[in-house]
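Every value quoted in this text rests on a predicted model; they were computed, and no experiment measured them.
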Amino acid sequence: MNLREQQQRNMTERYRDTVNQREDIRRRQAETGTPFAADSEEQLRARAERLLSKGEVDPGALASVPPVGGPVRPAVVFERILGAASELQSVNFLARGARAARAVARISIIQDGGRRAGFGTGFLVGERLLLTNNHVLPDVATATGSFAEFDLESDVDGVPKPVDTYDLAPDELFVTDPEIDYTLVAVAAGSDGRRPGTVHGRLRLIAQQGKIVIGEPVNIIGHPDRRPKEVALRANELLNQLPQFLHYRTDTEPGNSGSPVFNDQWEVVALHHASVPAPDGAGWIANEGARVSAILRHLTVAELPPEQKALLAELDPQAALSEAASVGTAPTGAVPTDDRLVGTAAAGVFPAQAASAPGSATAAPAHERRGITGRTGVGRHLVFLHGRGQQGRNPAELRAEWCGGLVIGLAAAGLAPLDAADVWFPFYGDALAAAMATRERVAPDTATTTAEAYAPADSGARAVYVALLDEAAKATGMPATERGPVAEHVESGLLGGAVAALQRPLSWIAARSGLDDVVIATVFRDVAAYLDNEPVRDAVLDAVLAEIPDDGETVLVTHSLGTVVALDLFTRLPSRASVPLLVTAGSPLGLDAVYRRLLVGGPVRPPQLGTWINAWAAGDAVSIGCPLGDTWSRVRDVLCVNRKDRAHDITQYLSHARVAAEISHGARA
């Protein structure tokens, strides 16, 4: 039995072994009346979050999903999100499909001194990287001499286009696996010196889950039976998900091997490799493709020479495998290329040059730790302003985390990366901790709850802390009768037993947001200390002012307590400085207890400020006073669908496509 026959046999056995799964899928679909009920709740939620975060559907689509005798089932919510999308598409569906098709090529397999031995399909996933099947290109010898033909198709008038041909270059990169049935091979530059990806584009390999669920349509573009490029759109759907493979129904023919399998947003979900034959041998009953995540997992462990592994940096940041088990998280394996915000599934640190940047803090002691100064003379300055709890951290590593989130958002928005060397990262973490240490004491041994343990010792800060928790609990729907003594003490101004009763509203907020009560308590404690104690506020503002541009235009991206610091910062900026764009994320500026204690004394819009974008998440207890547009003037609120367990994480906010796009447009203006 040859390798191809073994691959076909393995595929047939996988399909046969999952017959009970498919029967269960059909049963659940019939019982619920929705094709999406067959997938897991985790997959459904991940899919819904991805569609919402990418702006593919209106978040308002969820508003009219009424609970019927209890919680709404994820399948029903997902069906509402999709609506009629599986049948009725935006007209840009066609344009996006045409763009995706440009990266698909016919592979001509050349063997034995120039003899054409067969055909297949492949597609670009990097400027020089082509993905196809192992059974199309099983080894370096087969790939050597073979070539890829792009634009083998007719134009809108039915006239054949000029074919653009590129030789394969397996000596530069060749990775293959017969079990998953994939091959990744380098493509040589064209006769004009241009890389094929710069001419025909590329298709992103996305490790993040949530790209498709059982019951959704799939679309395939390829070269069936060596013909010019064709697309399969009708009568197709995902039937089942296996750990390494997808089973789906659609029309394919020999020659489609190596075709990309898309969802309706034209994201690649699998690499098509074969059709499952009917038991009687008469026709085909299903198709199988290798999952993108399975291919990326194999790539991360592939043993390659350094010069070949370096080419994997051409994969987009969304290919980072840290994405595979989460939604929108920053890649931990990002690698710099000329210190640009790019990533790869290969591994490394991001950005490598950050530690040596001017003003960087590489393992410096606390009294010497400083922020990072970005490059000057490059137009608008881009400044990141962090939140609380960063004392002792390396600012270079912090900046890398923020950049990691931003690169995902830019990739999701289809925008080019920004240069990490241009990012300023003022650091006030140590200054805040030192200033608070002179006014705080260790939590009393008598504290029996989280709320008490993290309450400020200073009476003024404690009053703010109590007011913040009470207002946040009220904003999340906790009745005054349940807030009990806390509400009474806040209204009367007498704090007596208020702190002892704080755990009730703190637990309420935690339960409804999903954030840990310690996270909520520590954020509100530090916000309270900053707002009430003048020495603390001065120490923070002085630290920031010493490390930001003092003239020109500055795009200011802020998080958590940093959003509060930013509004105070406007009162101390030099007259020659302006902020054409402010981005606040996870901000408590919508709480009365916060904005009336700002240096300007209320929700007063700074005169130096141009556009204000506020990113918030319904599950983020710190941004519980959002949207800010209800309180502040001319604020554009952006609702982000962050992971519940990381709802306050800055990388979650920055990985949102619209937030990243606003930063990009602001910085490049």
Subject >> Minimal non-hydrogen separation, L654 against A660, with atom names >> reply: O-CB, 3.7 Å
Subject >> Test item: side-chain donor near acceptor, N219 and D264, under 3.5 Å >> reply: yes
**OP:** Considering non-hydrogen atoms only, spot the tightest contact between I180 and A294 and give its length.
**Re:** CD1-O, 3.5 Å
**OP:** Could you tell me whether the side chain of T176 reaches within less than 4.5 Å of the side chain of D139, counting heavy atoms only?
**Re:** no
Original post:
Is the side chain of T144 donor-acceptor paired with the backbone N or O of V140 at a distance under 3.5 Å, no angle test?
Top reply: yes
**OP:** Would you give the length of the straight line joining atom CZ of R195 to atom CZ of R128, rounded to the nearest 0.5 angstrom?
**Re:** 3.5 Å
Original post:
Within the distance-only criterion (no hydrogens, no angle test), does the side chain of S146 pair as donor or acceptor with the backbone N or O of I110 below 3.5 angstrom?
Top reply: yes
**OP:** Indicate yes or no: at least one non-hydrogen side-chain atom of L129 is less than 4.5 angstrom from one of V187.
**Re:** no
Original post:
Minimum heavy-atom separation for I214 to L239, with atom names?
Top reply: CG2-O, 3.6 Å
Original post:
When rounded to the nearest 0.5 angstrom, what is the spacing between CG in L238 and CG in N287?
Top reply: 11.5 Å
Original post:
Does V269 reach the side chain of V292, with side-chain heavy atoms less than 4.5 Å apart?
Top reply: no
**OP:** Hey, could you give me the OG1/CZ distance between T165 and F147, rounded to the nearest 0.5 Å?
**Re:** 6.0 Å
Original post:
Do R14 and E288 pass the salt bridge (Lys or Arg N to Asp or Glu O under 4.0 Å) test, and can you show the C-alpha distance, the side-chain angles, and the key distance before you say yes or no?
Top reply: CA-CA 10 Å; R14 281 191 294 269; E288 185 180 83; 2.6 Å; yes
Original post:
When you look at V185 and L173, which way does the side-chain contact (heavy atoms from CB on, under 4.5 Å) test go after all the steps?
Top reply: CA-CA 5 Å; V185 62; L173 175 73; over 6 Å; no
Subject >> Closest heavy-atom pair and its distance - F174, P138 >> reply: CZ-C, 4.0 Å
Subject >> Salt-bridge contact D649-R643 (side-chain N to carboxylate O under 4.0 Å) >> reply: no
Subject >> Side chains of R116 and S108 in contact at under 4.5 Å (non-hydrogen atoms) >> reply: yes
Original post:
So, do L184 and L312 sit near enough that their side-chain heavy atoms are less than 4.5 Å apart?
Top reply: yes
Original post:
Would a distance-only check, ignoring hydrogens and angles, find a side-chain to backbone donor-acceptor pair under 3.5 Å from E216 to V213?
Top reply: yes
Original post:
Given side chains that start at C-beta, do those of N240 and L246 come closer than 4.5 Å, heavy atoms only?
Top reply: no
**OP:** Tell me, please, which residues at least two apart from T132 pass side chain to side chain contact (heavy atoms under 4.5 Å, CB included).
**Re:** I107, V136, L137, T183
Original post:
Using a distance-only test with no angle check, is there a side-chain donor-acceptor pair under 3.5 angstrom linking H135 and S257?
Top reply: yes
Original post:
Got a donor-acceptor contact below 3.5 angstrom from the N263 side chain to the Q265 backbone?
Top reply: yes
Original post:
Partners of R99 by salt bridge (Lys or Arg N to Asp or Glu O under 4.0 Å), sequence neighbours excluded?
Top reply: none
**OP:** Tell me, with the steps shown, if I220 and V231 meet side-chain contact (heavy atoms from CB on, under 4.5 Å).
**Re:** CA-CA 6 Å; I220 295 181; V231 57; over 6 Å; no
**OP:** Can you measure from CD1 (I663) to CZ (R658) and round to the nearest 0.5 angstrom?
**Re:** 12.0 Å
Original post:
Is the F150 ring parallel, tilted or perpendicular to the Y166 ring (thresholds 30°, 60°)?
Top reply: perpendicular
**OP:** Show your reasoning for whether side-chain contact (heavy atoms from CB on, under 4.5 Å) applies to L124 and V104.
**Re:** CA-CA 7 Å; L124 291 169; V104 180; over 6 Å; no
Subject >> Exam field: side chain N134 to backbone E179, donor-acceptor pair closer than 3.5 Å >> reply: no
**OP:** Might you point out which heavy atoms bring V423 and R399 nearest each other, and give the distance in Å?
**Re:** O-NH1, 2.9 Å
Original post:
With a 4.5 Å limit on heavy-atom distance, are the side chains of V268 and I206 in contact?
Top reply: no
Subject >> Neighbour count above 12 (heavy atom, 6.0 Å) for E303 CD >> reply: no
**OP:** Supply the atom-to-atom distance F123 CZ to F262 CZ, rounded to the nearest 0.5 angstrom.
**Re:** 7.0 Å
Subject >> Side chain W266, main chain F93, donor-acceptor under 3.5 Å >> reply: yes
**OP:** Flag the pair F245 / H273 as yes when their ring centroid distance falls below 6.0 Å, and as no otherwise.
**Re:** yes
**OP:** Identify, with sequence neighbours excluded, every residue that meets salt bridge (Lys or Arg N to Asp or Glu O under 4.0 Å) alongside E153.
**Re:** K161, K229
Original post:
Any sub-3.5 Å donor-acceptor pair from N133's side-chain atoms to D181's backbone N or O?
Top reply: yes
Subject >> Shortest non-hydrogen separation from A270 to G289 and the atoms involved >> reply: CB-C, 4.1 Å
Original post:
Yes or no on side-chain contact (heavy atoms from CB on, under 4.5 Å) for H247 and L242, after CA distance, side-chain angles and deciding distance?
Top reply: CA-CA 8 Å; H247 286 155; L242 283 63; 4.0 Å; yes
Subject >> Residue pair T121 / R106, side-chain donor-acceptor N/O under 3.5 Å >> reply: no
Original post:
Are the side chain of E172 and the backbone N or O of A186 linked by a donor-acceptor pair below 3.5 Å?
Top reply: no
Original post:
Would you call E314 and L311 a side-chain contact if the rule is heavy atoms closer than 4.5 Å?
Top reply: yes
Original post:
Side chains of R646 and T651: is there a donor and an acceptor less than 3.5 Å apart?
Top reply: yes
**OP:** Calculate, to the nearest 0.5 Å, the distance between atoms CZ and CZ belonging to R297 and R291 respectively.
**Re:** 7.5 Å
Original post:
Is the gap between the ring centers of F119 and H223 under 6.0 Å?
Top reply: no
